[in-house]
Amino acid sequence: MTRSFVRPSLSFLPNTAALSYERPAMSSPLARFRLALASAVASRQGLSEDAVPELERQIRRPNADQGDLAFPCFTLAKTLRQNPAELAKTLAAALAEDDRWASVEAVGPYVNVTYATRLLAETVVPAARLDGYGENESGRGQTVVIDFSSPNIAKPLAFHHIRSTVIGASIANLHRASGWTVAGINYLGDWGKQFGLLATGFQRYGDPDKRADAKHLVEVYVKANREADVGRVKDAIEAPKMARELVSELQAAHAKLVSEAGADFETQKKMGKQVKALEKKLRALRGISDGDADPLSDGCTDWLHQLEAAAEAAKAELPQVEARDQEARAFLKKMEDKDEAALAEWQEFRRTSIEEFEKVYARMGITFSSIEGESFYQDKLDATVERVRDKPGTRESEGAEVIDMTYDKGEPPAIVKTRDGTTLYITRDIAAAQDRFQRFDFQRSLYVVAQDQALHFRQLFRALGSMGFEWADRCQHVAFGRVHGMSTREGRLVFLDEVLEKACAKARAICEQSEKIAPEHLDDAVEAIGVGAVMFGDLRNLRTSDYTFDYDQVLDFSGHTAPYVQFSHARACSILRKGGGVPAAADPTLLTLPEERALMVALGGYPDAVKEACDAYEPSLVVRALIDIAQSTASYLTAGNRDRGMRVLVEDSEALKGARLWLIDGVRHCLAHGLGLLCCRAPEAM
RNA sequence: GCACCCGUAGCUCAGCUGGAUAGAGCGACGGUUUCCUAAACCGUAGGCCACAGGUUCGAGUCCUGUCGGGUGCGCCA
């Protein structure tokens, strides 16, 4: 089942969109203006058609109140060996003839032009009302595979899982909107030690009546994971020694700094740097956030004593922790040896986990073409290893089989088989990549996975290339930044459904105050707004940047948020309802107010935003375009509150009212479409 | 130690493959509900774009160095 985003239609209106205008040949209205400007420049200077794309690329948005498009003349002037300002004047004079431009002005080395409002209205308004506005055909006939969400089963779905899920789903929607055939795969981490932890932990703590209770399983897993975390306990045992070494090293460095005060500048500088580095390390170890604090003072000895005590406790704990880790591994081994009881238990836990995840996915309105897992490739990995041995070959390193290919300096080897004979992450990913190419014959294969794994994917793609797969360079890692501050003060993870729930609780409190929402639509609106706010809040960030999780920010519905965009949409719907629907015919050229003009420009930019967002795998570009439209809409509608003549439902002119209704219908259609691309819904009343 | 990413307003972040006077949201301050939804609108304040050099007609953007932060780095996924 492939998710296709829902085409918005108003429940109370007939679809009148396609009645009186043909679908424009060019999917972006504003592209017409840019092309016209670039072509005019080219023909004025006697340049060939080939020069037009480059000229078009140079077009910028001018400063506020200086028009709609700006052409900087620097580059062209240089090739023509002319003065940029002179060239700007020449071009401006030539462009002035064209009635596409309401104004043409040479300002220094720039040519600034303003769209003729009449042409803008004719181009944008009817187009924005059409089904498919914002979409394009650039991917027609091509297939993209998108690996996204892909959580580890048996572990809880924490807040940060929202990133891959919602970015991936949006990128899938963007490709659909650009004509691609999309295969969205949720590639679950459904094999590994975590099942051993869960299964053995359950024997100890599990409530047999709650075997199918996902929440209970998460509790068991979290507890079992902690109690079998050998690394944590060993670190605790080592901690006092390391800490004391660091402290004495730092003290020695301090002493050296004093005793060698007479040394030359370079040496002193080096020593100072070393001291600072050590201080930083110690601060990090002690958890001091103040970057200026002296890590040796303020209870440093107390801290060391605490570490000692903790280490003693850890030593006592170690045998049991190791035993539990062994138990978990043994369970995994049973699974790999096809022990029926173990596999049955794995199946049961797996199913419960997936069902729980699917509740959250359903709440977010996210679906996949298929839900698969690493376990699927478990019995196909011998063939994969053989294929690697054949080409590019493997070499032995400390008992492990390492892919024999080119490595960057200092890069760790890519291991396909461990010295114990088990396979690894990359082995399974090589098998999965081949399988996907055989199934889908893709032009693109995207992996929407955190930036942390960049190295893994670099090696994966290089390995595929070395194996002779010419499609290796069609694979891309679509990386995204981390979410910081994901633990609560008690050190507990923030769960995704808990955040969604809190956002919905807040949405409910606000929605219950609204007289606009019919009681039967209340629950639906609450979900759309609450869940939308959280997802939109993630998508608004540039994909690659890290950001910090902040409950106050997630639950803030003011400013440029999903509820803001949804609110503009709901107001537009409200006006359409009140106006009795959209007339079949209207004359957009009657729209001449500055507020209307700004709105048309924002609306016209939407298809460009979708195209660019798809090409750059960057949903935040759509977010910005929607905010732009919502903001222009809010300003426009508020202006109508002050001045009755500026209202959409203006009293004294049916023709003007019709034109404004068309514009507002375009807004509502476009906002709903854009929200849909971002996996958010658009309630008709708020 | 090696590699990659980042440093822009009090906070969170934009700034489009180098272009004019660096922009939003939050927060602060001041206005706007007899007015199609105040989850809103309008306005004000707030910046040595980490620092120092370099390339260029032009640098927040490119190069080098320094300082400060993050992440990854052999048998986990």
Side-chain angles (χ1 to χ4, degrees), chain A residues 57-58 60-64 66 70 72-75 77-78 84 107-110 112 150 152 155 189 191-194 231 273 276 280 291 374 397-402 408-420 422-426 428-429 450-456 458 479 481-482 484 507 510-511 513-516 529 533 540-542 544-548 550 552-553 556-561 563-564 566-568 570-572 574-579 612 616 620-621 624 627 631 634-644 646-650 660 664 685-686:
Chain A
R57 198 189 65 80
Q58 292 173 17
R60 291 285 179 277
R61 284 203 77 150
N63 294 328
Q66 290 197 22
C73 298
F74 305 98
T75 312
K78 198 165 188 177
V107 184
Y110 291 84
N112 295 334
S150 307
N152 267 339
K155 295 186 186 177
W191 196 260
K193 203 178 83 180
Q194 69 263 32
K273 217 171 145 179
K276 275 192 120 173
K280 195 176 135 190
E374 294 181 68
S397 171
E398 294 171 37
E401 275 190 68
V402 170
D408 288 336
K409 183 175 50 122
E411 199 180 350
I415 295 171
V416 278
K417 204 158 193 180
T418 70
R419 74 168 82 89
D420 303 329
T422 60
T423 55
L424 278 96
Y425 193 42
I426 196 163
R428 291 193 276 278
D429 260 345
Q451 173 67 32
D452 310 16
Q453 297 194 32
L455 178 63
H456 166 72
R458 269 209 309 276
R482 292 167 56 92
H484 296 290
I510 300 172
C511 286
Q513 307 297 312
S514 169
E515 311 114 18
K516 301 280 178 177
I529 294 162
R540 64 188 296 177
N541 302 291
L542 272 188
T544 48
S545 15
D546 292 2
Y547 71 94
T548 304
D550 178 359
D552 292 339
Q553 206 174 316
D556 187 1
F557 293 174
S558 61
H560 291 168
T561 59
Y564 178 86
Q566 289 167 324
F567 186 54
S568 275
R571 285 179 74 180
S574 170
I575 289 172
L576 292 174
R577 273 193 299 267
K578 197 164 175 182
E612 284 167 30
S620 68
L621 297 179
R624 281 185 225 164
I627 285 170
Q631 190 163 39
S635 295
Y636 176 41
L637 298 183
T638 304
N641 283 342
R642 283 191 299 277
D643 179 348
R644 299 185 81 87
M646 291 170 74
R647 289 190 177 199
V648 174
L649 303 177
V650 62
R660 288 178 175 173
I664 291 303
M686 283 177 72

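Throughout, a chain's letter reflects where its sequence line sits, starting with A, and its residues are numbered from 1.
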[N] - base-pair partner by Watson-Crick or wobble geometry, distances under 3.5 Å:
N	answer
U17(B)	none
G1(B)	C73(B)
G25(B)	C11(B)
G46(B)	none

Looking at [options], which one has an atom nearest to any side-chain atom of [X]?
X	options	answer
Tyr547(A)	C13(B), C36(B), C41(B)	C13(B)
Gln451(A)	C36(B), C42(B), C4(B)	C4(B)
Tyr564(A)	A40(B), U37(B), A77(B)	A40(B)
Glu374(A)	C26(B), C36(B), A77(B)	A77(B)
Ser558(A)	C57(B), U17(B), C26(B)	C26(B)
Tyr425(A)	U21(B), C16(B), A77(B)	A77(B)
Asn63(A)	A20(B), G74(B), C41(B)	A20(B)
His560(A)	G70(B), A24(B), U37(B)	A24(B)
Ser635(A)	A39(B), C41(B), A77(B)	C41(B)
Arg624(A)	C16(B), A14(B), U37(B)	A14(B)

| Could one point to a donor on the side chain of Arg57(A) or the base of U17(B) with an acceptor on the other under 3.5 Å away? | yes
| field | A77(B) base / Asp452(A) side chain donor-acceptor hit below 3.5 Å | value | no
| query | Between the side chains of Tyr425(A) and Gln453(A), is a donor N or O closer than 3.5 angstrom to an acceptor N or O? | reply | yes
Looking at [X], I'd like to know whether one of its side-chain N or O atoms comes within less than 4.0 Å of OP1 or OP2 on [N].
X	N	answer
Lys578(A)	C36(B)	no
Ser574(A)	U37(B)	yes
Gln631(A)	G25(B)	yes

| query | With sugar-phosphate meaning primed atoms plus P, OP1 and OP2, does Gly192(A) contact a base, only sugar-phosphate, or nothing at under 4.0 Å between heavy atoms? | reply | nothing
| task | Write down the distance separating the C1' atoms in C5(B) and A9(B), rounded off to the nearest Å. | result | 24 Å
